[in-house]
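Both counts, for ligands and for their atoms, begin at 1 and track the order of listing.
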Amino acid sequence: MDRPLIQYAVEEALAAGITGIVLVAGRNKTAIEKYFRRDPGLERELNDRGKKDLMSSLNFTLQPDVSIQTVVQEEPLGLGHAVLCAREAVGNEPFAVILPDDLIDGGDQGCLAQLIEVAENHGAGVIAVENIPVHESDKYGIVSTVKVAEGIHRLTGIVEKPDPVLAPSTLAVVGRYILPPEIFQALAETGKGTGGEIQLTDAIARLLETTTLLACEFKGKRYDCGTKLGYLQANVEYALKRPELKKDFSAYLSGRKG
Ligand code: G1P
């Protein structure tokens with residue numbers, strides 16, 4: 001729609017009550033850091049010109065209790081490595097990981113807020129999962145589990161992108177995790193895995209030897225914006241949610257040919 005995916009990710013974190021955000025970005029991705037830097041000149045100008053709608057899309061950075069910092073991942077060595085890069089910035093406390101490519105419309109309660117509720121109720125780390133068709137198992141981390149309650153499972157294993165014939169279940173990890181700080185040590189001890197990358201999945205498997213982790217089938221609709229089709233679908237659906245666009249855009253979609 002009218003904002004980058006990373007902004008939806010930050011907004012979801014803020015809505016879940018998180019006030020310290022760490023962006024892990026590649027060396028050349030300076031635009032991401034700049035995007036979140038406050039721009040008093042722009043804020044003043046929008047205010048003076050009465051551009052309230054544009055102001056509101058900036059609002060989340062205007063809250064003084066929110067800190068946003070960037071950590072550079074010098075080399076693209078994988079998701080696990082990216083998380084490990086944030087070790088110092090996060091410190092010794094539980095934290096959340098959001099992969100912005102997975103855009104999740106959780107309705108009234110965002111996916112991260114749902115996970116935090118489960119984590120607090122059970123006193124354990126939580127990973128968001130979704131049921132997928134088995135032939136797609138080689139695109140995801142796949143968990144094996146024991147059911148704890150409706151939509152909540154205890155992890156007994158996790159494997160990165162298994163071949164469908166080897167997949168332990170059809171519960172796939174999507175890009176939201178609440179993790180204990182012990183994951184950093186597990187990551188530091190994890191070598192390269194699938195695709196020659198340091199996988200967060202492998203460190204989670206290691207952590208499972210000593211720690212209880214849960215999987216939560218969150219409520220909401222996920223768009224895989226890492227694919228062109230998913231990205232386009234998200235744009236259409238998020239545009240249709242906007243009152244100022246809904247009528248004209250629906251008319252356009254239903255009227256178009258071919
Ligand atoms: C990553 C994780 C994978 C997870 C997926 C969710 O994979 O490694 O376990 O299921 O995100 O989107 P990627 O999509 O970066 O290949």
Side-chain angles (χ1 to χ4, degrees), residues 4-6 8-10 12-13 22-26 29 32 71 73 75-86 95-106 110-112 114-115 125-145 151 153 155-164 166-179 183-184 186-208 213-234:
L5 281 167
I6 189 86
Y8 286 107
V10 171
E12 187 180 324
V22 181
L23 306 170
V24 182
K29 305 233 172 106
I32 295 177
V71 169
Q73 183 187 21
E75 287 176 273
L77 296 179
L79 173 60
H81 178 254
V83 173
L84 189 53
C85 288
F95 64 102
V97 175
I98 301 188
L99 309 184
D101 278 4
D102 279 329
L103 176 65
I104 300 179
D105 182 359
C111 181
L112 208 56
Q114 296 176 39
L115 297 194
V126 186
I127 296 169
V129 293
E130 177 177 289
N131 248 310
I132 50 130
V134 69
H135 69 268
E136 291 184 6
S137 68
D138 56 0
K139 294 202 282 185
Y140 300 95
I142 303 289
V143 295
S144 33
T145 56
H153 312 262
L155 253 68
T156 54
I158 184 167
V159 52
E160 182 69 5
K161 304 195 170 90
D163 191 275
L166 298 173
S169 77
T170 54
L171 281 181
V173 175
V174 306
R176 303 290 184 276
Y177 311 72
I178 307 291
L179 295 169
I183 193 71
F184 290 122
L187 279 166
E189 291 164 7
T190 298
K192 288 181 181 170
T194 308
E197 298 185 338
I198 297 174
Q199 298 289 350
L200 181 57
T201 296
D202 294 344
I204 291 171
R206 189 178 277 261
L207 194 63
L208 274 181
L213 293 173
L214 301 172
C216 169
E217 290 179 74
F218 62 94
K219 294 191 180 67
K221 167 99 179 101
R222 175 183 67 107
Y223 300 92
D224 179 1
C225 295
T227 68
K228 289 173 191 172
L229 182 62
Y231 182 72
L232 289 167
Q233 286 167 340

| How about V97 and L99: do any of their side-chain heavy atoms sit closer than 4.5 Å? | yes
| Any protein heavy atom under 4.0 Å from atom 15 (O) of ligand 1? | no
| Test item: side-chain donor near acceptor, E160 and T194, under 3.5 Å | no
| With a 4.0 Å cut-off on heavy atoms, is L99 touching ligand 1? | yes
| said: Heavy atom to atom 13 (P) of ligand 1, shortest distance: which of R222, K161, R176, E160 holds it? | reply: K161
| Quick one: are I158 and V143 in side-chain contact, heavy atoms under 4.5 Å? | yes
| said: Taking 4.0 angstrom as the limit and counting only heavy atoms of D102, give me the atoms of ligand 1 inside it, by number and element. | reply: 6 (C), 12 (O)
| message | Please list, in number order, the atoms of ligand 1 under 4.0 Å from a heavy atom of T201. | response | 9 (O)
| query | Hey, is CD on E75 packed in by over 12 heavy atoms from elsewhere, all under 6.0 Å? | reply | no
| task | Run down the list V97, I142, V173 and name the one with the heavy atom closest to atom 10 (O) of ligand 1. | result | V173
| query | Is the closest side-chain heavy-atom distance between V159 and P168 below 4.5 Å? | reply | yes
| task | Would you check whether G175 has a nitrogen or oxygen atom less than 3.5 angstrom from a nitrogen or oxygen atom of ligand 1? | result | no
| Quick one: which ligand 1 atoms are inside 4.0 Å of a heavy atom on Q199? | 8 (O)
| Side chain proximity check, L84 to F184, heavy atoms < 4.5 angstrom | yes
